[in-house]
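Taking it in order: structure first as C-alpha cells, then the write-up.
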Amino acid sequence: MSLVRPPSFRELAERMGEAEAVRYLLRIGYGTMKVVAESGLPYHRVILYRERVKSLKSMEFSRLASFYERLSGVRSRKAKEALISRFLSSRVLPVDVMVNLLTAKPFKNLGVGPGTIRDSLALASRWSPERVEALYREYGEYGEVAYLILRGSSSPLTVKEVYLSLKLLPRLAREDRVKVLSSLLSTASRIEGKYIVRLALGDLKLGFKENTLLIAASKAFNVDRQLLENASAIKGLAEACRLASIGEYMLRLVELKPGVPFKPMLAHLYREDKVKFPVRVELKYDGSRLQIHKIGGKVKLYTRRLVEKSDVLPEVVEIARGFNADSCIVDCEVIAVDDKGNPLPFQYLLERTLPRKYESERAEKVRVTVKAFDIVYHEGRSLLSTPLQERIPILMSVVPKEFLAEGETCTTPGEVEKYFKDAVSRGYEGIMVKALDSIYEPGRRTYTWLKLKPLRDTIDAVVVKAYYGTGLRAGYYSSLLLAVRDPKARKLYTIGRVSNISEDLMDRLKKRFDQLIVRRDRDGIVLKPEVVVEVTYMEIQRSPEYSSGYALRVPKIVRVRNDKTVGEIDTLDKIRELYMSQSAVKS
DNA sequence: CCTGATGCGTC
DNA sequence: GTCGGAC
DNA sequence: GTCCGACGACGCATCAGG
C-alpha cells in the first residue's frame, strides 16, 4: 500500500489552474461525473474545460442580469433606447457580443424549448416537473418561474461562462443539456436564473427587438440610421454595429455581393390610399421566398431567414445556371408544381423546402420551379437604388420567361382591380402591387410593396376547448379549438384553433366559458359546445392533426355569433366542398 | 423498430 | 403567415 | 406609422422510451 496520498483537486488546481486540473483528471481516466464529484465544480464548468475552454474570466454575469432588469423595468421605448445606447457606448464587452446579448439571437437554435427548461428547473430546484409546469401555466413564462423557485446561490458566474455553456447545448444529448442548464441554474442567483432561462429560450422579453436596438446603436456610435439598417440587412445587426463602432465609413463599405445573403424586402397589406401610380402588378404565388445568388458557375440559394438551401433544391440551381448573366442576385418565389407545371398547394412544397438534405425520391414526388420578380445585383453592380421600372427590364433579360413571375404595368385603379379579379379567378393567392419608382430596401417592410388578397368564405363553428395563454396573455384563454358538425353521425369534428381575440372579447368569453367547463386538462378547458363563432381563413388544408381531416390555414375570428346554436353551425360536408372548390380552380 | 414529444422554419 | 395594442 | 408580443397550420429532424 502506498503511503503517498494522491494530490487533492485543490492542490492540483493551485499548481496548474482549474482548467488544467480538470483536464489532467480526465486524462488519467476519470469520468466527467467523477471529476465533478472530486472537484466540487459545477457540471457545466467541467464540461467547458473538457471542451478545451481555457479561461472563463470576463464580466460578471450578475452585472449583465441587473442591466436586463433595469431595461425591463422601464416602459417607454425612448427610455430603453437611452439605456441601450449608454450600454453600447460603455463597451464593457466587444460591441458585437453586447448586441448578441441583447437580441439573444445566437441562442435561437439551441434545441432548447419549454420542455427542456421545465426539466432543468425541476432538477435545479428539486421540484417535480408537474409543479414547475403548473407554475408556468400560472405565470405564462419560464423566466419568472425560475426566479420563483430557484434558491439562488452567490457563486459568481461570468458572462463568458454562461455564453459558452449555452452555445455548447446543441452538441449535447438532451439529458446532458438538462444537466448543463440545471448546473448553471443552481450556480446562479435568482435574477441570473431568470435571464439564463430566457437566454436559453432565445427570448429575453425586454420589450424591444432589433429595430429599437438599431436606433440605439445609431445614436451610440453617431452613424446614419439608413446606413446602419442597410449594413444590418446584409451583415446582420451584431456585425453592422461592430462596424458602426469603428466609424460610419465602415458602413459605407458594406455592399451587396453574390454569395452573401441579405434580408429580403417585405410588403405591407394593401391599402387603397397607399397605392402610388404607376404600379407594377404581379401574380402572388403561394410558395416560399428564395434568393438566388449566381457568381460564375457557382449558385447559392437562401430562404427568407437566410438559411442556405443550395443542396436541397438542385433543380433551382440548374435553372439559375441558365440565367443570362455571369453574376446576379435574383429575388423569387419557389413553388411546387405538377407534371404539367401547374401550381400545387403549399403543403406539397414543404416536403421539398423543409428537409435539410436532398433526397431524389422526394424530388420525383414533388417538383419545384421558381417565379422571379426582382433583381438586385447584376454583372458586378448593385441595383438596390435602381428604381423598379429599370430593374424589371434587366430581370427580363436575365431570366427566361417561364421562370418569371407574371406581371404588368397599371396606371389606374380600374386596371389593378381587373388584374386582381383575374388572378383570383385563376386560383392565385392574390396580387402584389408595387410602385414603379420604388427602390429595393433590404430587410424593410415598406408601403411601396403591397399585397392584395381576396376575402375568403366564412365558416360558422362551435368552440369545444379554450387554451390558456402565455406571457402577457397568462390568465386568459387566448386560443380556441373549433369544430363543425356532421348531421349523419351526429358528431362534432375539429377543424383547428383560432387566436386573434381582443382583450375585451377574451374577458367576455371567459365568463361564458367558465359556465360551460366539462373538464380541465393540462393546457386548457374542455367545453360544452355552445359558443358559436364565425371564422375566415386563407386556405383549407388536409390535416393529420384534426378529427375532420381538414384544418384552416391562417384562421381568423370574424365575430361571435350569439344568434346561432350548435345545431345551426356549418357541416363537415361544407368544409369538404370548400376544400374541393379550392383545388378545382388550381388545376 | 415504431411512436410521441419537442424543437425548428416555412407560410 | 395574422392580429391587437402600446407608443 | 412603427414596433412588439402572442398566436394559427404544416412537415421534417432528433431523440427518449416502450
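Reminder, nothing fancy here: chain letters follow the sequence lines and each chain counts from 1.
One P atom belongs to B:dG7, the other to C:dT2, and the distance between them is 26 Å to the nearest Å.
Rounded to an integer number of Å, the gap from A:Gln541 CD to D:dG8 P is 14 Å. The separation between A:Arg473 atom CZ and D:dG5 atom P is 13 Å, rounded to whole Å. Rounding to whole angstrom units, CZ of residue A:Arg497 and P of D:dA9 are separated by 6 Å. C:dC7 atom P lies 17 Å from atom NZ of A:Lys209, rounded to whole Å. Spacing between atom CD of A:Gln347 and atom P of D:dA9 amounts to 12 Å, rounded to whole angstrom units. Between A:Tyr467 atom OH and D:dA6 atom C1' there is a gap of 16 Å when expressed in whole angstrom units. Spacing between atom OH of A:Tyr476 and atom C1' of C:dG5 amounts to 11 Å, rounded to whole angstrom units. The CD1 atom of A:Ile540 sits 19 Å away from the P atom of D:dG8 (whole-angstrom rounding).
Looking at heavy-atom distances under 4.0 Å, A:Lys274 makes contact with sugar-phosphate atoms alone, never a base. A:Lys205 comes within contact range of the sugar-phosphate backbone alone, with a heavy-atom separation under 4.0 Å but no base atom that close. A:Tyr537 comes within 4.0 angstrom of no nucleic acid atom, judged by non-hydrogen atoms across all strands. In this structure, A:Arg456 reaches neither bases nor backbone, as no heavy-atom distance under 4.0 Å exists between it and the strands shown. A:Arg362 comes within contact range of the sugar-phosphate backbone alone, with a heavy-atom separation under 4.0 Å but no base atom that close.
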For nucleotides 3-11 of chain B, 5' to 3', base contacts (B), sugar-phosphate-only contacts (S) and non-contacts (-) with protein non-hydrogen atoms under 4.0 Å give ---SSSBBS
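Test A:Val112, A:Leu110, A:Leu204 against A:Leu199 for side-chain contact (heavy atoms from CB on, under 4.5 Å) and you get one pass: A:Leu204. Evaluated for a salt bridge (Lys or Arg N to Asp or Glu O under 4.0 Å) with A:Asp331, the options A:Arg304, A:Lys371, A:Arg289 yield exactly one hit, A:Arg289.
In plain terms, the two heavy atoms of A:Val366 and A:Arg352 that are nearest each other are O-NH1, 3.0 Å. Listed here is the closest heavy atom pair of A:Ala238 and A:Val99: CA-CG1, 3.7 Å.
Among the nucleotides D:dC10, D:dA16, C:dC7, the one closest to any side-chain atom of A:Arg75 is C:dC7. The side chain of A:Ser543 sits closest to D:dC10 out of D:dA6, D:dC12, D:dC10. Residue A:Ser499 has its side chain nearest to D:dG8 when only D:dC10, D:dG8, D:dC3 are considered. Of all nucleotides listed (C:dC3, D:dC4, C:dC7), C:dC3 comes nearest to the side chain of A:Leu269. The side chain of A:Leu472 lies closest to D:dG5, out of C:dG1, D:dG5, D:dG11. When each of D:dA6, D:dT2, D:dC3 is scored by its nearest atom to the side-chain atoms of A:Tyr447, the top-ranked nucleotide is D:dT2. Of all nucleotides listed (D:dG8, D:dC10, C:dG1), C:dG1 comes nearest to the side chain of A:Lys453. Of the candidate nucleotides D:dT2, D:dA6, D:dG8, D:dT2 has the atom nearest to the side chain of A:Arg77. Checking D:dG1, C:dG5, D:dC4 against the side-chain heavy atoms of A:Ser502 singles out C:dG5 as nearest.
Inspection of the A:Tyr467 and A:Arg473 side chains reveals no N or O donor paired with an N or O acceptor under 3.5 Å. Side-chain contact of A:Gln541 with A:Tyr579: a donor-acceptor pair under 3.5 Å is absent, judged by distance alone.
The nearest heavy atom of DNA chain D to A:Glu359 and to A:Leu552 marks one nucleotide each, and the one closer to the 5' end goes with A:Leu552. Take the nearest nucleotide of DNA chain D for A:Tyr546 and for A:Glu351: the residue whose nucleotide is more 5' is A:Tyr546.
Distances shorter than 4.0 Å separate none of the side-chain N or O atoms of A:Lys556 from OP1 or OP2 on C:dG4. For A:Ser478 and D:dC7, the shortest distance from a side-chain N or O to OP1 or OP2 is below 4.0 Å.
Note that A:Arg198 lies outside the cation-pi zone of A:Tyr142, set by a 6.0 Å cut-off to the ring centre and a 45° limit from the axis. Both tests do not hold together for A:Lys80 against A:Phe208: distance to the six-membered ring centre under 6.0 Å, angle to the ring axis within 45°.
You'll find the ring centres of A:Phe87 and A:Phe67 inside the 6.0 Å limit.
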